[in-house]
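The structure appears right after this line, and notes come after that.
For ligands, and for the atoms within them, numbers begin at 1 and follow the listed sequence. Fair warning: this is a prediction, and the values are worked out from it, not measured in the lab.
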Amino acid sequence: MELQTKPIEALLEEERVFAPPKKFREQAIIKDESVYKKAAKNPEKFWEEIAKELEWYKKWRKVLKWKPPFAEWFVGGKINVSYNCIDRHVKTFRKNKAAIIWEGELGETQILTYWDLYREVNKFANVLRSLGVKKGERVTIYLPMIPELPIAMLACARIGAPHSVVFGGFSAESLRDRINDAQAKILITADGGYRRGNIVPLKKNADEALKETRSIEKVIVVRRVGEKAQIEMKEGRDLWWHELMKDAPSYAEPEKMDSEDMLYILYTSGTTGKPKGIVHTTGGYLVGVHITTKWVFDLKEEDTYWCTADIGWVTGHSYIVYGPLSNGATSLMYEGAPDYPDKDRFWEIVEKHKVTIFYTAPTAIRTFMKWGEEYPRKHDLSSLRLLGTVGEPINPEAWMWYYENIGGKRCPIVDTWWQTETGMIMITPLPGVTRLKPGSATKPFPGIEADIVDDNGKSIKTGAGYLVLKRPWPAMLRTIYGDPERYVEQYWSRFPGMYFTGDGAKRDKDGYFWLLGRVDDVINVAGHRVSTMEVESALVDHPLVAEAAVIGRKDELKGQAITAFVTLKEGVESSSNLADDLKRHVVKKIGAIARPEEIIFTAELPKTRSGKIMRRLLRDIAEGRALGDTTTLSDPAVIRELKEKYEEKET
Ligand code: ATP
Ligand code: MG
């Protein structure tokens, strides 16, 4: 049968709308829509005005030089990111304000004021310089969520050495590959980290990784765990952080960086394939994260802001470290797991520190839903005034749960769409302005031109298609490290002159954007292109379902048939009756073409270490192939068990 390709069919309807509460709007930094018009009229002028909020050593000659697909922002400008995140504030009343509130997994708290941060960053910058690190030389950071992590990043930024942070949950092999790709000179790690009370053997992993890397000259080791870590220090190579810091001079002159000098390399989450080393530069990146943090989170002097991401992901780079600190905010970081020692840990932290702004991921919200309302109910969450989400599309039911149970129906939710590549939030509500619809990331940030196009790159007014970005933005990636061809091929070839995000989206009659998941994941049932996201949301809408992952399996008749992997809420038993009920529920919510052919119940879904569902591995299972790249998987046992279970069922 010849399959005709149509655009993705948007099927799920959503009628609920939430206007900004009056009180919230009145005190918001952005209160009306005029910024959108102003930015659209002259985007370069708009970004230029924002750039003036930062302190530059030398002003730019030109705001943007655009030779598609290569952009330069604030051309000729000189600036230092660490200076803007710290020095700028210690000259003001913020000197003794909390910059970082650190909450350890074991319950200890450490507060670093801006002055504390200034002292530590300066000293560590001197340590790096004393080890011979020069501007432009790469430093790999493989640390748990401890204060030394942002200190090390800011020290790198101070001396102009691009950092490459590797998430502390990664294995020795993943670390090795990332060190080799970046050709890093220094590795910063810890003797170990804590995860659910267990010790993560970071130093041992590092030793393993270093057997097959040539570029690393010195390893700096933070003591987090102590004796229990049982590590060995290699003579001449390994140095203790605290010993190096003891005598380090207290001031390090910041490097006057060119606006386009590299700030960092960060590898993508690897949800769709091999991770890519995304390159971010200095001036434009800081401008982008500075203003999005301020406007999207309506960030005020007195806020206590908590983003629960790991700094090993871009969310942590932009919205735990650089964005909040550039704004002189108080940023909370938590070392451990959400269920340690119990499932109310996050809510305990919110109550303990009177968190006002809370930013997390849909995967976490669905987990909290699965655990039940009793955990947030144990704590006073009344300090919260704004909630955020990022990482995956949020299912409308998860949005509602978050809104009611965490936000007490009083806090707007900002659903922020962006990528490692975009560096900054791109599609998002502005909480004092935007009328929210559960499940929609709403509209592009001022100055951002996002569009939805069909196969030929033609704009689709309403309906579904490919999400593209049509105008360069300051925090955009500049290249893939060491692979400029892949940069052009991956992002700028599918639609000439446009950045292709790899995501599908639909636009509704009000011009709102609804993210539909990865284009690679779209299912083609008898010529209808069905979004995985919508079928999953229909399943999650069922009161007994906690989470769902939907894929298309090859089918001779229909092209593809829908297979749904489903996780149930705690205490719910699976049965074939329930499977039938779920199929009926999907048909009722979105129609017969979206009816899952088979439903597989599972205790867990395969996810990346940043918590995203890895549908490509589920497709490999359902189509009987060997599994593709699994190095970024959070728990390999989950996929092994699922594969066995699936194969048993087949025979
Ligand atoms: P890789 O590119 O290696 O496959 P990845 O795309 O998961 O990994 P990230 O850059 O961490 O790596 O994630 C960006 C992607 O996450 C987006 O392209 C989108 O698919 C998804 N995403 C992020 N935020 C949202 C959101 N608010 N709504 C919908 N999807 C989102
Ligand atoms: Mg991606």
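Contacts between W418 and ligand 1, counted as non-hydrogen atom pairs separated by less than 4.0 Å, involve the backbone only. With a heavy-atom cut-off of 4.0 Å, V314 does not touch ligand 1 at all. Only side-chain heavy atoms of K612 come within less than 4.0 Å of ligand 1; its backbone N, CA, C and O stay farther off. Using a 4.0 Å cut-off between heavy atoms, D503 contacts ligand 1 through its side chain alone, with no backbone atom that close.
Shortest contact from atom 28 (N) of ligand 1 to any protein heavy atom: E392 O, 3.3 Å. Protein heavy atom closest to atom 6 (O) of ligand 1, with residue, atom name and distance, is R518 NH1, 2.7 Å. In terms of protein heavy-atom proximity, atom 5 (P) of ligand 1 is nearest to T271 OG1, 3.4 Å. For atom 12 (O) of ligand 1, the nearest protein heavy atom (residue, atom name, distance) is S269 OG, 3.3 Å. Scanning the protein heavy atoms around atom 2 (O) of ligand 1, the nearest turns out to be K276 NZ, 3.1 Å. With hydrogens left out, the protein atom closest to atom 9 (P) of ligand 1 is T420 OG1, 3.4 Å, a heavy atom. Protein heavy atom closest to atom 29 (C) of ligand 1, with residue, atom name and distance, is P393 N, 3.0 Å.
Annotation for V638 and P606: closest pair CG1-N, 3.7 Å, computed over non-hydrogen atoms.
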For this session: Just do the ring pair (Phe, Tyr, Trp, His ring centres under 6.0 Å) check on W492 and Y499 with the steps written out, would you?
Result: CA-CA 5 Å; W492 298 93; Y499 172 90; 5.7 Å; yes
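Within the set S440, G439, G391, the minimum heavy-atom distance to atom 21 (C) of ligand 1 is found for G391.
Annotation: cation-pi geometry satisfied between R178 and Y267 (NZ/CZ under 6.0 angstrom from ring centroid, within 45° of ring axis).
Checked against a 3.5 angstrom limit, the closest N/O atoms of G270 and ligand 1 fall inside it.
Proximity of the aromatic rings of F445 and W295 is defined here by a centroid distance below 6.0 angstrom, and this criterion is met. Between W347 and F358, the gap from one ring centroid to the other is short of 6.0 Å.
Of the residues listed (R366, E534, E536, E547), the one engaging N395 in a side-chain hydrogen bond (donor to acceptor under 3.5 Å, both in side chains) is R366, and it is the only one.
The shortest distance between side-chain heavy atoms of Q419 and I278 does not fall below 4.5 Å.
Other residues, nucleotides and ligands contribute more than 12 heavy atoms inside 6.0 Å of the CD atom of E404.
Put simply, the side chain of Q183 gets close to the backbone of N180: a donor and an acceptor are under 3.5 Å apart.
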